[in-house]
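Sequence lines set the chain letters: A, B, ... in the order given, protein chains first and strands last, and positions in each chain run from 1.
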Protein chains: 2
Amino acid sequence: MFKLSKTTDYGIVLMAELASDSSRATQNARELAASSELPVPMVSKVLKVLAKEGLLISQRGSKGGYSLAGEPDSMPVSEMIRVLEGPLALTDCALGPARCEHESGCAVREPWQQISRVVEQALAGITLADLVGGRVERSMNEMTSNMLQINRSPEANRPPQSEQR
Amino acid sequence: MFKLSKTTDYGIVLMAELASDSSRATQNARELAASSELPVPMVSKVLKVLAKEGLLISQRGSKGGYSLAGEPDSMPVSEMIRVLEGPLALTDCALGPARCEHESGCAVREPWQQISRVVEQALAGITLADLVGGRVERSMNEMTSNMLQINRSPEANRPPQSEQR
DNA sequence: TAAATATCGGACTCTTTCAGTCCTATATGC
DNA sequence: GCATATAGGACTGAAAGAGTCCGATATTTA
């Protein structure tokens with residue numbers, strides 16, 4: 001149905017939970033499960049992934065737990081999605097060349113790659129700080145109107161720049 | 001893995017196939033399967049959905065087949081995705097209120113709704129004509145830079161964190 | 001009218017992914 | 001040493017995905 005997995009959903013909720021209460025820099029899985037009203041084993045599983053991928057710092061043993069590995073405003077949503085969900089690609093062939101067996105016949109391969117990249121950039125422009133600060137709505141509306149306005153321009157001259165990452 | 005289903009992928013390829021060859025306004029499932037190198041039963045299944053949803057016009061009987069229901073430049077990608085994939089919602093709670101059982105506790109519900117909407121708008125800004133005309137890349141790059149510029153508002157000034165492993 | 005050709009509307013199967021649980025090993029604080 | 005955490009798996013049931021197939025209906029052509 002073109003939606004994120006629950007794992008990713010939970011992961012971002014948990015990150016937001018950690019970011020929203022700076023008085024408790026480190027919280028363990030049980031505490032986070034309680035405050036987010038999510039099942040403990042699932043929370044534990046997600047936190048492990050986030051720690052392994054470097055978005056959280058884990059502390060073992062008694063008095064242990066998890067804390068953010070960086071500042072919320074330097075943690076883009078696209079990064080959380082990437083580590084929990086895998087690389088963003090709207091279709092298989094958007095993952096790169098030689099992924100699609102119908103190379104020659106497919107006319108929409110390159111557009112898909114571009115579109116995937118745009119979605120990723122949109123998600124890269126929103127950080128954890130935006131989520132907990134409620135700043136998303138305003139910037140989103142401006143963003144949207146600008147996007148539509150630009151894409152509705154029928155003819156324009158192509159700037160020969162291609163941005164790769 | 002946060003990607004579209006093959007059904008949707010096929011559907012857009014088929015729409016593009018129909019849009020790219022205006023000399024044959026109507027093509028049947030077998031012809032479209034041949035030109036797109038996709039299995040016939042699957043192509044047939046997808047075309048049925050697109051016709052039922054009003055994106056294609058179907059003609060039964062001998063000499064029958066499918067044709068576009070409108071002009072390619074008035075067929076946004078978001079619409080094709082919606083009819084084949086269902087309503088776009090990155091998470092369950094983005095589908096609307098009363099979808100999430102953790103209403104009071106969840107701090108990121110509204111941001112998710114906004115983010116979903118932005119992704120949808122991004123996809124609404126690209127039409128079938130863009131796909132077959134290869135116009136996507138140019139407008140996409142402009143769009144992206146504008147989105148990022150806008151979102152980099154007041155206090156959030158930082159280079160995007162790019163974490164490689 | 002009869003035959004050939006297409007779509008229409010399902011049901012159906014097989015496979016893969018998802019969501020969630022559970023267990024053992026290891027590290028840490030007191 | 002013991003209680004408490006995370007680390008890293010394996011494991012299961014449920015659900016969605018991908019693809020096939022069949023009978024019914026509509027249309028063209030001979």
Counting just side-chain N and O atoms, does [X] come under 4.0 Å of either OP1 or OP2 of [N]?
X	N	result
Gln59(A)	dG29(C)	yes
Ser58(B)	dC8(C)	yes
Tyr66(B)	dC8(C)	yes

Note to self: For dG19(D), does the base pair up with any side-chain atom of Lys45(B) as donor and acceptor (N or O, under 3.5 Å, distance only)?
What the structure shows: yes

Next item on the list: Return yes if the base of dG8(D) and the side-chain atoms of Lys48(A) contain a donor-acceptor N/O pair under 3.5 Å, otherwise no.
Entry: yes

Between [options], which one does the side chain of [X] approach most closely?
X	options	answer
Pro39(B)	dC8(C), dT20(D), dT5(C)	dT20(D)
Ser62(B)	dA7(D), dT28(C), dT27(D)	dT27(D)
Ser5(A)	dA5(D), dA4(C), dA19(C)	dA19(C)
Tyr10(B)	dG19(D), dT29(D), dT21(C)	dG19(D)

Margin query: Looking at Arg117(B) and Glu120(B), is there a salt bridge between them, counting it only when a charged N and a carboxylate O are closer than 4.0 Å?
Written below: no

Notebook entry, point to check: With a non-hydrogen cut-off below 4.0 angstrom, is Ser44(B) in contact with a base, only sugar-phosphate, or nothing?
Noted result: nothing

Just by modelled atom types, is the [Y] backbone N or O under 3.5 Å from a matching donor or acceptor in the [X] side chain?
X	Y	answer
Glu85(A)	Ser5(A)	yes
Ser116(A)	Leu90(A)	yes
Ser44(A)	Val40(A)	no

Check: How many angstroms lie between CG in Leu32(B) and CD in Gln27(B), if you round to the nearest 0.5 Å?
Finding: 4.5 Å

Length of the line joining [X]:[atom1] and [N]:[atom2], which is rounded to integer Å:
X	N	atom1	atom2	answer
Lys6(A)	dA14(D)	NZ	C1'	13 Å
Leu4(A)	dA19(C)	CG	P	10 Å
Lys63(A)	dA5(D)	NZ	P	9 Å
Asp9(A)	dG20(C)	CG	C1'	15 Å
Met42(A)	dC22(C)	CE	C1'	14 Å
Arg60(A)	dC2(D)	CZ	P	21 Å
Gln27(B)	dT7(C)	CD	C1'	16 Å
Leu47(B)	dA6(C)	CG	C1'	12 Å

Margin query: Let me spell it out: for each of Gly61(B) and Glu85(B), pick the nucleotide of DNA chain D with the closest heavy atom. Which residue's pick is nearer the 5' end?
Written below: Glu85(B)

